[in-house]
Amino acid sequence: MRRVVDNKKSTKIIKAAKCVLVGGVNSPVRSFSYVGGDPIPIYSGRGSRICDYDHNWYIDYVLSYGALILGHTRPEVMQSIKQTADLGVGFGATHKLEVELAERIKAAIPLLKKIRFVSSGTEAVMGAVRLARGVTGRSKIIKFERSYHGHADYLLKKAGSGLATMELPLSKGVPKSLLQDTIIARYGDRNEIDKIFAKFGPDIAAILVEPVGGNDGVVLPDKNFLKILRRITKRYGTLLIFDEVITGFRFHFGSAAAYFGIRPDIICLGKIIGGGLPIGAYGGSKRVMDQLAPLGGVYQASTFAGNPVVMSAGLSTLKVLASSRRDYRRLDRLALYLSRAVLEEARKQRIDLSIRQFKGIFSIHFKKKSHFKVFYRELLNAGVYLAPSEHESNFISFAHTKKDIDKTIGIAKKALCLLK
Ligand SMILES: *Cc1c(COP(=O)(O)O)cnc(C)c1O
């Protein structure tokens, strides 16, 4: 992999971006505030690689923050996007592709009897929480420290992802009154959950949880704890919401809920199911979902929801995934292989580093924060694009090859040498 030799065009674009976009980005996680320096604008992508405006190629482990499980510009997906767009890019009316995508998701996640599409994971979670409150007639919700569920006001306390990266315990601009019904708990702390329910149980509408945490690096799942959440929510008539915006279709062709053998009341989806285009979705039983307008009194609307171009990208992605569902294991193997090799090298070099890996996702954590910065810059310069914060996850796609991983390992080993 050749070193980054030129960055003239990138520098120019970012300079202009900073004049018209806040910090030069449209989402704070894209800034390089954690690793220092300017972010690199990306021109194109193909398979496991992305290319900047100066023709430097990178092996990509960000993959549009987990949306691109098939890698960049997968031909089947591109073709369906183009064909659909040729017929018109949106009508604000029901489209057959919405039905087909919903049917396909339902076939893979049977507990989703009905689905509502929206345009982002944020909206999916907001809709799900409003629905849970509407169904139960209760106000309080429980969320866990350092989980991220999108940028709704009442969920931005002790959140993961960009807020954790910026060490912000709470976003400014969120009125205290909007947080009074948000109870923050620690993931895995069973006693705390018991105490919260003992105190507030009959007022708790929902528990919101990422079944595998993806927004404070990878947070390894605690299956037993998830089961405890299911049990206690049943006992109190509280709804259990799995935020599977990252985990849906990530580890196998279906939900993480099914993988753990748990049946939540509502599942939120996003990222992968849009094939790289903006999407969110939530679903559950008929009884719960039919409380939504137009059938029920819980209101949630959207101009762009179910957009046909988005639906076609999602549908063709799920079609490819369904026909290559056995290959998920390859993703797991590659992530494990990468993690083990980097860990072993770190041990040899006596660098204090840990890797949290679950199936095809992983995050690298250094004891010294300055080490992450140096490591990150070295990898970037040598052509490996990781998420620019220890609080984000990295992803392996179906397009990644053993060769990609071997290259990455070689580059990582050299970078570790520099940390000694
Ligand atoms: C990305 C993410 C969201 C928010 O999705 P957006 O599409 O960015 O609004 C919500 N929950 C989880 C677990 C996520 O990873």
Side-chain angles (χ1 to χ4, degrees), residues 25-31 61-69 116-132 141-165 171 182 187 206-221 226 240-251 255-257 259-260 264 266-283 300 302 304-307 310 313-314 317 356 358-363 387-395:
V25 292
N26 273 311
S27 180
V29 296
R30 298 177 195 171
S31 79
Y61 293 96
V62 177
L63 295 157
S64 197
Y65 286 87
L68 294 170
I69 193 168
R116 168 64 57 86
F117 287 115
V118 285
S119 300
S120 66
T122 297
E123 288 173 84
V125 174
M126 287 174 73
V129 169
R130 186 178 305 132
L131 183 57
I141 55 163
I142 297 177
K143 78 169 273 287
F144 295 96
E145 264 179 29
R146 289 181 178 266
S147 61
Y148 179 71
H149 301 288
H151 64 83
D153 283 322
Y154 55 89
L155 295 173
L156 283 182
K157 194 173 167 190
K158 300 232 172 135
S161 188
L163 248 75
T165 297
S171 169
T182 305
Y187 184 81
I207 294 183
L208 185 55
V209 63
E210 293 177 72
V212 181
N215 285 293
D216 188 25
V218 173
V219 181
L220 299 176
L226 294 173
L240 181 61
I241 305 174
F242 270 18
D243 180 348
E244 297 221 28
V245 171
I246 284 184
T247 61
F249 296 93
R250 167 56 56 190
F251 306 124
S255 62
Y259 180 80
F260 294 121
I266 300 176
I267 291 180
C268 301
L269 296 167
K271 296 189 172 120
I272 288 176
I273 62 158
L277 296 187
I279 199 167
Y282 57 109
Q300 181 268 302
S302 164
F304 293 121
N307 175 275
V310 178
T317 297
R356 298 204 294 259
F358 182 79
K359 294 186 156 280
I361 69 176
F362 66 93
S363 57
S389 162
E390 287 175 83
H391 301 283
E392 304 292 339
S393 294
N394 297 285
F395 301 89

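Remember, it's 1-based here, ligands and their atoms both numbered in the order they're listed.
- Residues G160 and Y148 come closest through the heavy atom pair O-CD1, 4.0 Å.
- Not a single N or O atom of E210, backbone or side chain, sits closer than 3.5 Å to an N or O atom of ligand 1.
- The protein heavy atom nearest to atom 1 (C) of ligand 1 is K271 NZ, 1.6 Å.
- Interface of I246 with ligand 1, defined as ligand atoms under 4.0 Å from a residue heavy atom, comprises 15 (O).
- You'll find the side chain of F304 stays beyond 4.5 Å of the side chain of V118, heavy atoms only.
- Close contacts between ligand 1 and Y148 involve ligand atoms 11 (N), 12 (C), 13 (C) [criterion: under 4.0 Å to a heavy atom].
- Considering every non-hydrogen atom in both F242 and A257, the closest pair reads CD2-CB, 3.6 Å.
- Scanning the protein heavy atoms around atom 4 (C) of ligand 1, the nearest turns out to be T122 N, 3.6 Å.
- The closest side-chain donor-acceptor pair between S120 and E123 falls under 3.5 angstrom.
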Walk me through whether R116 and Q300 qualify under side-chain hydrogen bond (donor to acceptor under 3.5 Å, both in side chains). CA-CA 9 Å; R116 168 64 57 86; Q300 181 268 302; 3.1 Å; yes

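- Scanning the protein heavy atoms around atom 11 (N) of ligand 1, the nearest turns out to be D243 OD2, 2.7 Å.
- Side-chain contact check for D153 versus L155: every heavy-atom pair is 4.5 Å or farther apart.
- Each of the following atoms of ligand 1 lies closer than 4.0 Å to a heavy atom of N215: 12 (C), 13 (C), 14 (C), 15 (O).
- Counted by atom type alone, S363 and E390 present zero donor-acceptor pairs between their side chains at under 3.5 Å.
- With hydrogens left out, the protein atom closest to atom 7 (O) of ligand 1 is G121 N, 2.8 Å, a heavy atom.
- In this structure, E244 falls outside the shell of residues with a heavy atom less than 4.0 angstrom from ligand 1.
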